[in-house]
Amino acid sequence: MARKRYWLVKSEPFKYPWSKLVTDGRTHWDGVRNYEARNNLRAMAVGDLCLFYHSNEGKEIVGVARVARAAYPDPTSDEDWSCVDVEPVVALAKPVSLDAVRGRKSLAAMQMLTRNRLSVTAVTAAEMKTILAMGETTLP
DNA sequence: GCCAACGTTGGC
DNA sequence: GCCAACGTTGGC
């Protein structure tokens, strides 16, 4: 099996907060209408971990989710879009804010900063490790 | 609520 | 195939 990759997905808390993912246990990550984000979705494999970021409100990384189903056609569209299924893994003991990410030199290259408006971005293993440490969280 | 960034669309 | 107009996203 290919080496695990890491991602960051954004959601407006108003639309789909982390707490709802926890309640639901699993959800379809659909509605992505951007080619680059779609390509990222398609690159996801079952077991990959996703940082869950709340945009607009909160502006912080609040949890870690796991890809439960690899990319398949987005049922909410007739066109060629994709979605994946994700399930919650663990909430960050201490949410990591956008400001905190910006303030950390080793995270300056994170796509969530450089590709500000992309809703699905790639995260390196080193970045993942740093975020988890900042969030005072260890993976189960 | 405003505005900047940027991807997408459509006219030429 | 270029580029201006437009729409969307997201931070402030």
Side-chain angles (χ1 to χ4, degrees):
Chain A
M1 188 179 133
R3 191 142 155 272
K4 195 176 282 188
R5 297 201 205 194
Y6 302 98
W7 311 94
L8 180 138
V9 296
K10 293 192 200 177
S11 181
E12 296 188 41
F14 172 75
K15 199 173 146 201
Y16 198 92
W18 167 258
S19 59
K20 186 155 194 313
L21 178 62
V22 172
T23 306
D24 290 349
R26 177 166 171 159
T27 195
H28 311 289
W29 204 261
D30 57 25
V32 170
R33 297 291 182 268
N34 171 285
Y35 292 111
E36 203 175 346
R38 183 191 68 180
N39 290 343
N40 284 337
L41 286 180
R42 289 181 178 176
M44 289 182 182
V46 171
D48 282 359
L49 297 176
C50 304
L51 293 169
F52 194 105
Y53 175 76
H54 279 166
S55 63
N56 275 312
E57 215 177 296
K59 281 173 291 173
E60 55 191 14
I61 299 165
V62 292
V64 181
R66 175 183 176 276
V67 177
R69 183 178 169 188
Y72 58 98
D74 186 340
T76 67
S77 171
D78 293 333
E79 293 168 5
D80 187 24
W81 296 108
S82 295
C83 66
V84 298
D85 287 0
V86 296
E87 57 192 17
V89 174
V90 65
L92 293 191
K94 201 171 148 232
V96 176
S97 70
L98 180 61
D99 280 348
V101 172
R102 281 201 181 122
R104 188 63 73 105
K105 273 208 185 92
S106 61
L107 298 178
M110 270 192 87
Q111 280 193 11
M112 70 171 292
L113 298 179
T114 60
R115 309 303 319 279
N116 181 269
R117 286 164 56 260
L118 250 198
S119 58
V120 183
T121 55
V123 175
T124 67
E127 289 163 352
M128 187 73 182
K129 200 174 162 189
T130 303
I131 299 283
L132 289 175
M134 290 167 79
E136 296 172 11
T137 301
T138 48
L139 293 173

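Lettering follows sequence order; numbering is per chain, from 1.
- D74(A) contributes a side-chain N or O that, together with a main-chain N or O of T76(A), makes up a donor-acceptor pair within less than 3.5 Å.
- The side chain of K59(A) lies closest to dG11(C) when the candidates are dG11(C), dT8(B), dT9(C).
- Here the nucleotide nearest the side chain of R102(A), chosen from dT8(B), dG10(C), dC12(C), is dC12(C).
- Listed candidates were dT9(C), dG11(C), dT8(B). Nearest to the side chain of N34(A) is dT8(B).
- To the nearest angstrom, P of dT8(C) lies 13 Å from CD of E12(A).
- Between the C1' atom of dC3(B) and the CG atom of N116(A) lies a distance of 13 Å, rounded to the nearest Å.
- Once rounded to the nearest 0.5 Å, the distance linking CD of E79(A) with CZ of R38(A) reads 10.5 Å.
- Residue whose closest nucleotide on DNA chain B sits further toward the 5' end, between N56(A) and Y35(A): N56(A).
- The distance from atom CG of L98(A) to atom C1' of dC12(C) is 11 Å, rounded to the nearest whole Å.
- The two residues L118(A) and K10(A) come nearest to each other via the heavy atoms O-CE, 3.1 Å.
- A straight line from CD of E57(A) to P of dG11(C) spans 12 Å, rounded to a whole angstrom.
- For dC6(B), neither phosphate oxygen OP1 nor OP2 lies less than 4.0 angstrom from any side-chain nitrogen or oxygen of R115(A).
- Rounded to whole Å, atom C1' of dG10(C) lies 14 Å from atom CG of D99(A).
- Computed from coordinates, the E36(A) CD to dT8(C) C1' distance equals 16 Å when rounded to whole Å.
- Between the C1' atom of dT9(C) and the CZ atom of F14(A) lies a distance of 15 Å, rounded to the nearest Å.
- The aromatic ring centres of W81(A) and Y72(A) sit 6.0 Å or more apart.
- Ion pairing between D48(A) and R42(A) fails under the 4.0 Å rule for side-chain N and carboxylate O.
- Following rounding to the nearest Å, L113(A) (CG) and dA4(B) (P) show an atom-to-atom distance of 20 Å.
- Among the nucleotides dT8(B), dG11(C), dG7(C), the one closest to any side-chain atom of Y53(A) is dG11(C).
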